[in-house]
Each structure stands twice: as C-alpha cells, then as structure tokens.
Amino acid sequence: MGALSRPEEVVALVKLRVAAGQIKRQIPPEEHWGFAYSMLQKVSRSFALVIQQLGPDLRNAVCIFYLVLRALDTVEDDTSIPTEVKVPILQEFYRHIYNRDWHYSCGTNNYKVLMDKFHHVSTAFLELGEGYQKAIEEITRRMGAGMAKFICKEVETVGDYEEYCHYVAGLVGYGLSRLFYAAGTEDLAPDSLSNSMGLFLQKTNIIRDYLEDINEIPKSRMFWPREIWSKYANKLEDFKYEENSEKAVQCLNDLVTNALIHAEDCLQYMSALKDHAIFRFCAIPQIMAIGTCALCYNNVNVFRGVVKMRRGLTARVIDETNSMSDVYTAFYEFSSLLESKIDDNDPNATLTRKRVDSIKQTCRSSGFLKSRGYHLDKSPYKPIL
C-alpha cells in the first residue's frame with residue numbers, strides 16, 4: 001500500500017521505467033561504446049538516465065569522463081591494494097587513458113568488470129574531440145594526485161575535509177563545466193561555483209555512507225574530519241553503538257550543517273545554465289543531495305543501516321525537474337523539512353537554522369516558488385484503494 005498511497009509517485013515510476021527501457025535501446029552498436037554505456041547503467045542507474053538526455057557528442061564525453069573517474073575511484077577505494085602499489089597507479093592514471101591495452105584488476109562486482117575491461121573505455125576516449133580529451137586528462141591528473149596525497153594522510157581538520165572533497169568531487173565540477181564549455185553550449189562557470197557543485201554532492205555521500213565506510217573490509221576508510229567528530233566521541237567507530245546515539249546524531253547534524261554552506265552556490269550555478277538537457281543533468285543530483293541532507297539530519301538510522309530517498313520520490317524528482325522554478329521549489333521544501341527536525345538542544349541548532357533560512361530566502365526571492373509536497377517520511381495522500 002506504500003506506493004498506492006502516493007499516486008503521483010506511481011506515475012513517475014512508470015515514466016522512469018519506460019525511460020530506462022529506451023536507454024537500453026539507444027546503446028551504440030560498437031563494442032567499446034556498448035560496453036561504456038552498459039557499464040554506466042550498472043554503476044550508476046540514475047546518472048545514466050540523465051546523461052542520455054545530453055546531445056550525442058557531449059553525452060559520449062560525459063559518459064567516458066564518469067567511467068574514467070569511476071575507475072580511478074575504484075583503485076582508491078580498494079583497501080586491499082598496498083599503499084606502495086596504489087599511490088603510483090593513482091598518480092599515473094591520467095596517462096593510462098591513452099593506452100588501449102592498459103587494465104588493472106581490482107574492485108568487486110561491476111567495478112571489477114570495469115577495471116578488467118578498461119581498454120574499452122580508453123578506446124572510446126580516443127574517439128572524443130580534442131577539447132573533451134584535454135579536459136578529462138587534466139581533471140584525471142589532478143584528481144589522481146589528490147587521491148594519492150590522502151592515501152598517506154588522514155582527514156584531520158575541516159580544511160583537510162574541504163581539500164579532500166575538492167580533489168574527489170570539486171574537480172568533477174571543474175571538469176563538467178569545461179566539457180559543457182567545450183560543447184559550445186555554456187559559458188565557462190567560475191571555479192568556485194563548480195567546486196561547490198561537487199562538494200555538496202560529495203559531503204552528502206560521505207555523511208550518508210558512515211556505516212558502509214566504517215565497516216569496510218579489510219579496513220575502514222573514513223572521511224569525517226576529526227576536528228568535528230572528536231567533539232562528540234573519542235573514536236569515530238563509537239557512533240555505531242546504541243549507547244552513543246545522542247552524540248552520534250549531534251555529530252551528524254554538525255556535518256549536515258557544514259554541507260549546507262554550498263547550497264546557495266549550487267543554486268547560482270544552475271540558474272546560469274542555458275541548455276535544458278545540461279540543466280536537468282546538473283539539477284537532479286543537487287535536488288537529491290538537499291533531499292538526502294533533510295532525510296539524514298537528526299536521523300540515528302544513518303548509524304544503523306542505509307538511509308536514502310525512496311524510489312518513488314526519486315522518480316518524481318527526475319520527472320518534475322525541468323526549470324529553475326522546480327529547483328527553487330525542491331530546495332525550499334526539503335530545507336523546510338530539515339528545519340522542522342531541528343532540536344533546540346542540538347549544539348549547532350542556531351547555525352543550522354541560519355543556513356536553512358539563507359537557502360529558503362534565496363529560493364523565495366527568486367519569485368518562482370511552487371507547491372510540490374515532497375514528503376520524506378509520510379504521504380499526505382490517503383490510500384486510493
């Protein structure tokens with residue numbers, strides 16, 4: 001009855017399924033492109049959906065950009081690779097994308113397939129326009145160097161946290177802005193705004209993935225900055241245990257409040273986009289991020305299991321995001337939902353309210369607010385059957 005109580009989500013889910021079916025029929029016939037697009041669907045289904053709406057040349061470039069960085073990330077994430085082996089691979093990865101024969105076996109499941117058959121990605125990369133190739137090479141080089149730095153360095157301070165997120169996500173924002181510019185459809189966005197687009201997504205993922213990361217085998221890799229979590233516990237893994245729930249949630253709220261500082265930059269970036277497909281490509285993940293922040297805020301379940309937006313609501317976001325009015329509305333509603341969860345006794349309550357108020361004021365001042373009813377926890381609708 002859960003889905004039936006939200007008829008607007010049922011319609012969106014049906015549309016999403018139809019669109020997913022169309023994507024499968026659009027996979028190019030060449031073996032290397034077929035591998036690239038089928039792999040994209042396997043490692044990021046929602047991303048594959050928005051990418052398919054881009055123009056053909058830009059779509060190919062963004063697909064390969066994503067897979068190259070996904071492969072780089074697979075090397076970084078594999079905790080079984082010795083540091084002395086991993087660091088040189090990360091540093092030299094940008095050179096390997098020009099080598100049709102290079103591959104490196106690591107990762108698990110679909111990520112292992114991506115790494116074992118990386119020559120398909122390289123073959124496709126070499127067919128891209130020179131402007132696209134140079135942008136992808138530059139970002140891969142800078143990201144690999146940054147990842148290598150943090151293999152040997154813990155995230156201690158908030159400054160470290162910002163720097164790490166810049167390397168693994170802010171640079172993705174840089175790269176996408178350069179690809180959009182190379183396609184001739186957008187002006188080159190300021191690096192500061194491109195960086196915020198990446199940091200907002202990355203920080204949201206780091207917050208949400210606490211339990212998965214802390215339980216990583218053979219050893220955990222955590223990116224919550226010590227400067228923040230040490231205010232609430234002696235060891236980061238203490239948050240897993242029920243007796244520490246109150247402090248765990250306070251730390252969680254501190255990190256969500258930190259992430260919200262990027263929201264207004266993201267709104268500014270998106271408001272300058274001209275191409276409708278590029279706009280949707282950028283806007284849908286950002287709305288998912290603000291929604292996930294609202295869902296995770298003050299939610300002890302982040303320390304108990306997987307916390308994510310339900311599929312029906314995700315489908316609605318994908319279906320209903322077509323203009324800045326839709327973005328302002330989503331940011332306003334999800335910020336309001338987060339605001340409703342603020343506990344006056346939380347150590348960061350005042351700062352959280354200040355940042356939420358600022359986001360809501362930006363959305364209100366646009367003059368484009370609608371009413372959507374994005375409900376995270378319960379539906380306003382009665383069951384229809």
Side-chain angles (χ1 to χ4, degrees), residues 43-44 47 62 64-98 102 104 106-107 111 114-115 118 121 125 132-179 188-207 209 213 216 219-228 255 258-259 261-262 265-266 269 285 289:
V43 298
S44 181
F47 190 78
V62 174
I64 297 307
F65 183 48
Y66 183 88
L67 291 177
V68 167
L69 299 187
R70 184 71 264 179
L72 183 65
D73 193 51
T74 300
V75 175
E76 186 211 22
D77 283 347
D78 192 331
T79 53
S80 68
I81 304 173
T83 298
E84 64 273 15
V85 175
K86 181 181 293 189
V87 168
I89 295 175
L90 294 173
Q91 291 171 332
E92 296 296 315
F93 202 93
Y94 73 99
R95 300 183 191 276
H96 300 318
I97 60 179
Y98 288 95
W102 186 86
Y104 183 77
C106 66
Y111 302 106
L114 172 62
M115 298 305 298
F118 191 77
V121 179
F125 168 80
Y132 293 136
Q133 287 185 4
K134 291 300 181 186
I136 293 171
E137 178 191 344
E138 178 201 353
I139 299 306
T140 305
R141 176 180 58 79
R142 293 170 68 179
M143 185 181 292
M147 286 178 168
K149 177 179 178 178
F150 276 91
I151 292 298
C152 310
K153 174 183 171 66
E154 294 293 324
V155 178
E156 297 285 345
T157 67
V158 172
D160 292 339
Y161 185 45
E162 297 291 321
E163 184 182 10
Y164 174 76
C165 290
H166 165 72
Y167 285 135
V168 300
L171 286 174
V172 179
Y174 282 26
L176 288 172
S177 293
R178 284 157 173 71
L179 294 180
L188 186 59
D191 282 349
S192 59
L193 300 185
S194 300
N195 192 57
S196 282
M197 289 284 284
L199 262 63
F200 191 42
L201 301 182
Q202 183 65 23
K203 287 183 177 181
T204 300
N205 289 340
I206 286 173
I207 291 164
D209 293 342
D213 289 344
E216 181 74 27
K219 61 179 180 178
S220 64
R221 282 219 62 208
M222 290 300 298
F223 304 101
W224 287 28
R226 180 184 296 272
E227 185 179 340
I228 290 180
L255 284 164
N258 172 279
I261 201 168
H262 303 291
D265 275 357
C266 294
Y269 181 102

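All values reported here derive from a predicted model rather than from experimental measurement. The figures that follow rest on heavy atoms only: side chains count, while hydrogens, waters and symmetry mates do not.
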Heavy-atom check, side chain of Tyr269 versus side chain of Ser196, under 4.5 Å: no
Working for salt bridge (Lys or Arg N to Asp or Glu O under 4.0 Å), residues Arg70 and Asp77: CA-CA 10 Å; Arg70 184 71 264 179; Asp77 283 347; 3.8 Å; yes
Interatomic spacing from NE2 in His262 to CD in Gln202 - rounded to 0.5 Å: 10.5 Å
Min side-chain heavy-atom separation Asp265-Phe200 under 4.5 Å: no
Backbone N/O of Glu76 and side chain of Lys86: donor-acceptor pair under 3.5 Å: yes
Gap between atom CG of Asn205 and atom CG of Leu201 - 0.5 Å precision: 7.0 Å
Interatomic distance, Tyr167 atom OH to Met147 atom CE [nearest 0.5 angstrom]: 12.0 Å
Residue list, ring-ring contact (aromatic ring centres under 6.0 Å, His included) with Phe125, at least two apart or on another chain: Tyr98
Which atom of Thr157 lies closest to which atom of Pro225, heavy atoms considered: O-CB, 3.7 Å
Exercise: identify the closest heavy-atom pair between Val172 and Val168: CG2-O, 3.6 Å
Heavy-atom side-chain proximity of Ser194 to Leu176 below 4.5 angstrom: no
Parallel, tilted or perpendicular, as decided by the 30° and 60° cut-offs, for the rings of His96 and Phe93: perpendicular
is_close_aromatic(Tyr164, Phe223), centroid dist under 6.0 Å: yes
ring-ring contact (aromatic ring centres under 6.0 Å, His included) partners for Tyr174, two or more places apart: His166
Nearest atoms (heavy-atom pairs only) where Ser177 meets Leu188: O-CD1, 3.8 Å
Any donor-acceptor N/O pair, Trp224 side chain to Tyr161 backbone, under 3.5 Å: no
Check: Leu69 main-chain N/O paired with Asp73 side-chain donor or acceptor under 3.5 Å: no
Nearest-0.5 Å distance that lies between atom CD1 in Ile136 and atom CE in Met143: 11.5 Å
SB check Glu138 Lys134 (cutoff 4.0 Å): no
Rounded distance (nearest 0.5 Å) linking atom CD of Glu162 with atom CG of Asn195: 8.0 Å
Beyond-backbone contact of Phe150 with Asp160, side-chain heavy atoms, under 4.5 angstrom: yes
Residue pair Arg141, Gln91: steps toward the side chain to side chain contact (heavy atoms under 4.5 Å, CB included) verdict: CA-CA 7 Å; Arg141 176 180 58 79; Gln91 291 171 332; over 6 Å; no
Ile261, CD1: over 12 other non-hydrogen atoms inside 6.0 angstrom: no
Validation row: Val43, Leu67 side chains within 4.5 angstrom (heavy atoms): yes
CD/Glu154: more than 12 non-hydrogen atoms of other groups inside 6.0 Å: no
Nearest heavy-atom neighbours spanning Gly175 and Ile139: CA-CG1, 3.5 Å
Test applied, side chain to side chain contact (heavy atoms under 4.5 Å, CB included); reference residue, Tyr132; option that passes from Ile64, Val62, Leu179: Leu179
Point-to-point distance, once rounded to the nearest 0.5 Å, from OH of Tyr94 to CG of Leu72: 12.5 Å
Closest contact, heavy atoms only, Thr74 versus Gly107: CG2-CA, 3.7 Å
Heavy-atom closest pair, residues Ile97 and Phe118: CG2-CZ, 4.1 Å
